[in-house]
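Every number for a ligand or one of its atoms is a count from 1 in the order of the listing.
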Amino acid sequence: MRASKAPRGGSHGFRCQRGAHQMSILEIRVASKSGAYSVHAGSGAAKKTAALAQALGPATGVYLLSSPRVWRHVGRRMEASLRGVGRVPKVLFDDCESSKHWRTAERICRALVRAGADRRALLIAVGGGVVGDISGFVAASFLRGVRLIHVPTTLVAQVDSSIGGKTGVNLPEGKNLVGAFYPPKAVITDPDLLATLPEREYRAGLYEVIKYGVIGDAALFTYLEKNMDKVLARNRQTLDYVIPRCIRAKARVVGKDERESGLREILNFGHTFAHALESVSRYRRYSHGEAVGWGMIAAVSLGVLAGFTEEGDARRVVELVCRVGKLPSWLRGAEKELFQEMFADKKTRGGKLRFVLSPKIGRAETREDIPAAQVRCVLRHMGDTAATLFGRP
Ligand SMILES: NC(=O)c1ccc[n+]([C@@H]2O[C@H](COP(=O)([O-])OP(=O)(O)OC[C@H]3O[C@@H](n4cnc5c(N)ncnc54)[C@H](O)[C@@H]3O)[C@@H](O)[C@H]2O)c1
Ligand SMILES: [Zn+2]
């Protein structure tokens, strides 16, 4: 079986009948210096894994990389979708953030050697961002590089981490400090795989979804405003619209700036504040997505204060973030630590704070001219903003 060729960004040959309506799987191309690849996105896409794997050309062996938890939820489906490929050895490893280090990568590489993998092996990573980042790092390093397909199973992984080729592991000194840019050969994004995702993980992904609307897709933002209830209910048709829009938004950015030398920075909208919140709270209080939720509220507040963001747009962003649900409370009384942490952020250059701000929904730019006093002012007032939005903790 082979995947049929499709026009760029269009719908490809796979169409499956489900219930009354026909589903189509979109093919979204992502440009990359190491070779363009496609994201195949839509309900039912995972069923095409065998065909898409075979379309990449002959492999001496196909190896699944996943975590025990992910496999419990989606393993049976993935096994069914790989029937016809032959024996597919699996390597399972823990996917908690604290397992994202190179000893895990080493264990996976050794398991691959024992299973007989060679340079023409094909790895299929099935899981969230942790599985994807470790597997990407393994794929980049094992025998100096083997082919990889991502099958993302969290919303964060579907709209963010599986696209763009960033791979890596953590060091005790910090997150993602060791890694490589190593794009996959294909990504298979099936919203049906999200059905078992815990509510908090799902909502964490929604903040990144909103981010794409703010930085590059005003129509997506408006759609989210109109359809947030359906999005929260994981309505299949709604996700079949929303997820590909996010993939396209990310593909547009990383296609132009794969190595994060400029434009890619806009993907960090809300992240300067978010990283500070995560770090000062020692990664305990917020999931990354939740910190991004707060970060976006802070970023539009800063934008308004700096005279860069329209108040009406800022209000829309805050309202949409709030509709996702109640965020864990803001870190009151930690302005000083948060401010210091922001200076340690990798977006600081030459001692200047860099912020991604949005002049208008659908657009974003990096700014270096925001006075520190305004940043402090936003941090000081966020506790009150938070109380207004979500009530006192
Ligand atoms: N490479 C990138 O560009 C990039 C971008 C964003 C985030 N990341 C990285 O991604 C990681 C976070 O990824 P994440 O948010 O996907 O979380 P995750 O990988 O930690 O997964 C969250 C939890 O959900 C479980 N899970 C996954 N899929 C499931 C499913 N379908 N059903 C039930 N449970 C499921 C996992 O076992 C895990 O317990 C971080 O390490 C972050 O640094 C990387
Ligand atoms: Zn993020």
Side-chain angles (χ1 to χ4, degrees), residues 30 46 65-78 92-101 104 125-137 139-140 148 150-171 174-184 187 189-212 215 234 246-247 250-251 253-254 258-260 264-275 277-278 283 286-296 299 356:
V30 186
L65 307 185
S66 190
S67 81
R69 187 191 311 227
V70 170
W71 205 248
R72 250 194 328 275
H73 291 295
V74 307
R76 202 177 299 156
R77 244 185 289 178
M78 287 310 299
L92 299 185
F93 51 95
D94 260 1
D95 63 358
C96 49
E97 188 67 35
S98 57
S99 299
K100 193 175 144 181
H101 49 61
T104 306
V126 181
V130 170
V131 167
D133 279 11
I134 300 178
S135 302
F137 184 60
L148 171 71
H150 280 300
V151 182
T153 64
T154 64
L155 186 53
V156 167
Q158 295 201 346
V159 299
D160 191 355
S161 59
S162 63
I163 315 141
K166 275 195 192 175
T167 75
V169 292
N170 303 330
L171 292 179
K175 268 178 64 118
N176 300 321
L177 291 182
V178 177
F181 283 97
Y182 194 75
V187 184
T189 299
D190 188 339
D192 291 355
L193 297 179
L194 303 179
T196 53
L197 193 63
E199 188 63 20
R200 193 172 172 194
E201 298 293 346
Y202 181 71
R203 287 176 192 247
L206 287 181
Y207 298 109
E208 301 280 1
V209 167
I210 293 174
K211 178 193 79 180
Y212 287 118
I215 64 168
R234 308 187 200 191
C246 297
I247 296 169
K250 178 142 188 194
V253 174
V254 300
E258 195 172 20
R259 301 267 168 152
E260 203 164 32
R264 194 165 173 164
E265 263 188 0
I266 68 165
L267 295 170
N268 283 328
F269 176 70
H271 281 60
T272 309
F273 288 102
H275 290 150
L277 280 173
E278 287 180 283
Y283 295 89
Y286 312 99
S287 69
H288 172 69
E290 289 163 346
V292 171
W294 274 127
M296 291 191 290
V356 179

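- Of all the heavy atoms of H288, none lies under 4.0 Å from any atom of ligand 1, so neither backbone nor side chain is involved.
- Note on ligand 1: L194 sits outside its first shell, no heavy atom being nearer than 4.0 Å.
- Where the criterion is an N or O separation shorter than 3.5 Å, residue side chain and backbone included, R264 fails it with respect to ligand 1.
- Residue contact check: V156 has heavy atoms under 4.0 Å from atoms 15 (O), 16 (O) of ligand 1.
- A distance-only check finds a donor-acceptor pair linking the side chain of E290 to the backbone of S287 [under 3.5 Å].
- Ranking the protein heavy atoms by distance from atom 10 (O) of ligand 1 puts G129 CA, 3.2 Å first.
- Using modelled atom types, no side-chain atom of T153 and backbone atom of V126 make a donor-acceptor pair closer than 3.5 Å.
- Close approach of ligand 1 to L193 is summarised as follows: ligand atoms under 4.0 Å from at least one heavy atom of the residue are 31 (N).
- Which of D95, D94, V126 comes nearest to atom 37 (O) of ligand 1 through a heavy atom is settled by distance: it is D95.
- Distance alone, capped at 3.5 Å, places no donor-acceptor pair between the T104 side chain and the K100 backbone.
- Among all protein heavy atoms, the one lying closest to atom 7 (C) of ligand 1 is S161 CB, 4.0 Å.
- In terms of protein heavy atoms, atom 16 (O) of ligand 1 is closest to T154 OG1, 2.5 Å.
- When each of L194, D192, L193 is tested with V74 by the rule side-chain contact (heavy atoms from CB on, under 4.5 Å), just one qualifies, namely L193.
- Close approach to P198 involves these atoms of ligand 1, each under 4.0 Å from a residue heavy atom: 33 (C), 34 (N).
- Residues V254 and V30 have side chains in contact (heavy-atom distance under 4.5 Å, counting atoms from C-beta outward).
- Nearest non-hydrogen protein atom to atom 25 (C) of ligand 1 is R69 CD, 3.9 Å.
- Protein N/O/S atoms closer than 2.8 Å to the Zn ion (ligand 2): E208 OE2, H271 NE2, H288 NE2.
- Near K166, with a cut-off below 4.0 Å to any heavy atom, the atoms of ligand 1 are 1 (N), 3 (O).
- In terms of the side chain to side chain donor-acceptor pair (under 3.5 Å) criterion, R259 has no residue partners (sequence neighbours excluded).
- Nearest non-hydrogen protein atom to atom 20 (O) of ligand 1 is V130 CG2, 3.4 Å.
- Less than 4.0 angstrom separates some heavy atom of T196 from each of these atoms of ligand 1: 30 (C), 31 (N), 32 (N), 33 (C).
- Proximity of a side-chain donor or acceptor of R264 to a complementary backbone N or O of G164 within less than 3.5 Å is detected.
- Among the atoms of E97, some N or O lies under 3.5 angstrom from an N or O of ligand 1.
- A side-chain contact (heavy atoms from CB on, under 4.5 Å) with Y283 holds for exactly one of E97, K175, H288; it is K175.
- Listed by atom number, the atoms of ligand 1 under 4.0 Å from N176 heavy atoms are 43 (O).
- Each of the atoms 26 (N), 27 (C), 28 (N), 37 (O) of ligand 1 lies under 4.0 Å from some heavy atom of V70.
- Residues V178 and H101 form no side-chain contact, since every pair of their non-hydrogen atoms from C-beta on lies 4.5 Å or further apart.
- Protein heavy atom in closest approach to atom 35 (C) of ligand 1: L197 CD1, 3.7 Å.
- Atom CZ in R234 sits 5.5 Å away from atom CG in L197 (nearest 0.5 Å).
- Evaluated by nearest non-hydrogen atom to atom 23 (C) of ligand 1, the leading choice among K250, Q158, E201 is E201.
- The nearest heavy-atom contact from the protein to atom 44 (C) of ligand 1 is D133 OD2, 3.2 Å.
- Put simply, the side chain of V131 reaches to within 4.5 Å of the side chain of F93, judged on heavy atoms.
- The closest approach between G136 and ligand 1 stays at or above 4.0 Å for every heavy atom of the residue.
- Here the protein heavy atom with the shortest distance to atom 6 (C) of ligand 1 is D160 OD2, 3.5 Å.
- Here is the list of ligand 1 atoms found below 4.0 Å of a heavy atom in K100: 9 (C), 40 (C), 41 (O), 42 (C), 43 (O).
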